[in-house]
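Just follow the structure's listing: the first ligand is 1, and inside any ligand the first atom is 1. Remember, it's a predicted structure, so these values are computed and weren't measured experimentally.
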Amino acid sequence: MYRFVFTQVLSRFDPEDVHHLTINALRLLSVTPVVKRLVHRRLAPRDPALRVQAFGVHFPGPFGLAAGFDKDAGCVEAMSALGFSHVEVGTITAHAQPGNARPRLFRLPRERAIINRMGFNNAGASAAARVLGRARGVPAIVGVNIGKTKVVPESEAVHDYVASAKQLAPLADYLVVNVSSPNTPGLRDLQAVELLRPLLRAVKEVADSTPKRTPLLVKIAPDLADADVDAVADLALELGLDGIIATNTTISREGVSSTETGGLSGRPLKARSLEVLRRLRGRVGDGLVLVSVGGVEDVDDVWERLLAGATLVQGYSAMIYEGPLWAHRIHRELARRLRRHRVSDLREIIGRTAT
Ligand SMILES: Cc1cc2nc3c(=O)[nH]c(=O)nc-3n(C[C@H](O)[C@H](O)[C@H](O)COP(=O)(O)O)c2cc1C
């Protein structure tokens, strides 16, 4: 049904217009308590076998919504009701900013991919803090992903991230330092260990000082050389971070015909994202929680990531092609598969094929 609507209707409209329309519809769902609760009861993961614990947080399932869809944290309840076990909001920057000029979002349906150069369009940390501070009507686990304000020079990046962390860490179930989006000039340079160490140390101090101690993760790019993946993994262990999210979008254009600039996501990212996960698991052992994202399309992909050592899995691009029931379907099929394999606890399979 959704595929028909997508090919006959949605694909004829500008992708960002469709995105805004969707966000507004989801906000409407969020402010309609009865419907929201009904949808949550029907679609949110509830099978006990799906439950998983990571960095002290109890997730109702392993599959969540990756950052970039809910930039301003307005759809957390709606997306949780639709079946995502957690919603990572953002990227949020200390100061509000408009992002890059449109068009900046492109569908590549044949390749089941997306290219975006949004550039962290968001209403800023204070606005997000106001939204996140409101009481929620359905249970929702919220990760807050923070990035650098575009106009802030690299020399003041630490201060800029810390400003966001101070406002948002107390409201987050986990906090993510994003140093891997390709659409803010110079951002990915912060992945170099000598720049990353002071940044993560400063943000961790803020995250550690919240009443519950907010878990801290770093999100990395798939374009890092293997040695740099290892270096970030070692740094995360050294600083006592809670986990790594791998990966963000890629600047590679392997396997696609489009030459639009920006970050490529979806199916073409699948192999590299899995490769980075395997490398990280080999490097950190059980020392960190790994969150795998990039090219996940169905339950087979989620299964593969769990076996390779991810505790949580996220997705975004495939939802554009699969529709609003995507996360619900993945959790439902995962629960069936667990039963078939007589697995009653996800911990039995996480990392089973890791070397
Ligand atoms: C339109 C769009 C916007 C995104 N914006 C962000 C962002 O603001 N921050 C971030 O960390 N990742 C962002 N991402 C990257 C996703 O979180 C994810 O890491 C990447 O798309 C790979 O997953 P996928 O193949 O399932 O989409 C964005 C992705 C897309 C498609």
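Polar contact with ligand 1: absent for Q314 (N/O pair, distance under 3.5 Å). Backbone and side-chain nitrogen or oxygen atoms of N116 are examined, and none is located within less than 3.5 angstrom of a nitrogen or oxygen of ligand 1. At under 3.5 Å, not a single nitrogen or oxygen of L105, backbone or side chain, sits near a nitrogen or oxygen of ligand 1. Distances between N or O atoms of I114 and those of ligand 1 include no value under 3.5 Å.
For atom 21 (O) of ligand 1, the nearest non-hydrogen atom from the set S292, G68, S265 belongs to S265. Evaluated by nearest non-hydrogen atom to atom 9 (N) of ligand 1, the leading choice among T91, D301, I220, V89 is T91.
Side-chain N or O atoms of Q314 include none that pairs as donor or acceptor with a backbone N or O of V291 at under 3.5 Å. Side-chain atoms of H86 never come within 3.5 Å of backbone atoms of I141 as a donor-acceptor pair (strictly under, hydrogens ignored). In this structure, D72 contributes its side chain and A123 its backbone to a donor-acceptor pair below 3.5 Å. Listed for the S85 side chain is a donor-acceptor partner under 3.5 Å among the backbone atoms of F63. For the pair D17 (side chain) and H20 (backbone), a donor-acceptor distance under 3.5 Å is absent.
Contact atoms of ligand 1 toward G294: 22 (C), 23 (O), 25 (O) (distance under 4.0 Å to a heavy atom of the residue). In summary, the atoms of ligand 1 found under 4.0 Å from a heavy atom of T249, numbered by their order in the structure, are 15 (C), 20 (C), 21 (O). Distances below 4.0 Å separate heavy atoms of N145 from the following atoms of ligand 1: 10 (C), 11 (O). With ligand atoms numbered from 1 in the order given, ligand 1 contributes 26 (O) to contacts under 4.0 Å with heavy atoms of G315. Interface atoms of ligand 1 facing L269, defined by a heavy-atom separation under 4.0 Å, are 22 (C). Near G90, meaning under 4.0 Å from any of its heavy atoms, are these atoms of ligand 1: 8 (O).
Of all protein heavy atoms, the one lying nearest to atom 12 (N) of ligand 1 is K219 NZ, 3.1 Å. From the protein, the heavy atom lying nearest to atom 23 (O) of ligand 1 is V293 CG2, 3.3 Å. Considering only non-hydrogen protein atoms, atom 27 (O) of ligand 1 sits nearest to S317 OG, 2.6 Å. Closest to atom 17 (O) of ligand 1 among all protein heavy atoms lies A67 O, 2.7 Å. Closest protein heavy atom to atom 15 (C) of ligand 1: N248 OD1, 3.4 Å. Distance from atom 26 (O) of ligand 1 to its nearest protein heavy atom, with residue and atom name: Y316 N, 3.0 Å.
The part of T247 lying near ligand 1 is the backbone, judged by heavy-atom distances below 4.0 Å.
Judged purely by distance below 3.5 Å, without hydrogens or angles, the side chains of N24 and T22 never pair a donor atom with an acceptor atom. In the model, S273 has a side-chain atom that pairs as donor or acceptor with a side-chain atom of R305 under 3.5 Å. When only modelled atom types and interatomic distance are considered, N183 and N100 share no side-chain donor-acceptor pair under 3.5 Å. Of the N and O atoms on the side chains of E111 and S257, at least one donor lies less than 3.5 Å from an acceptor on the other residue. A donor and an acceptor atom, one from each side chain of N122 and T93, are located under 3.5 Å apart. For the residue pair Y174 and E88, a side-chain donor N or O sits within less than 3.5 Å of a side-chain acceptor on the partner.
For the side-chain contact (heavy atoms from CB on, under 4.5 Å) with V144, the lone residue among V176, L171, L132 that qualifies is L132.
Contact annotation: K71 has at least one heavy atom less than 4.0 Å from an atom of ligand 1. Assignment of G295 to the shell around ligand 1 is supported, since a heavy atom sits closer than 4.0 Å.
Counting heavy-atom neighbours within 6.0 Å of H159 NE2, excluding the residue itself, gives a total of 12 or less.
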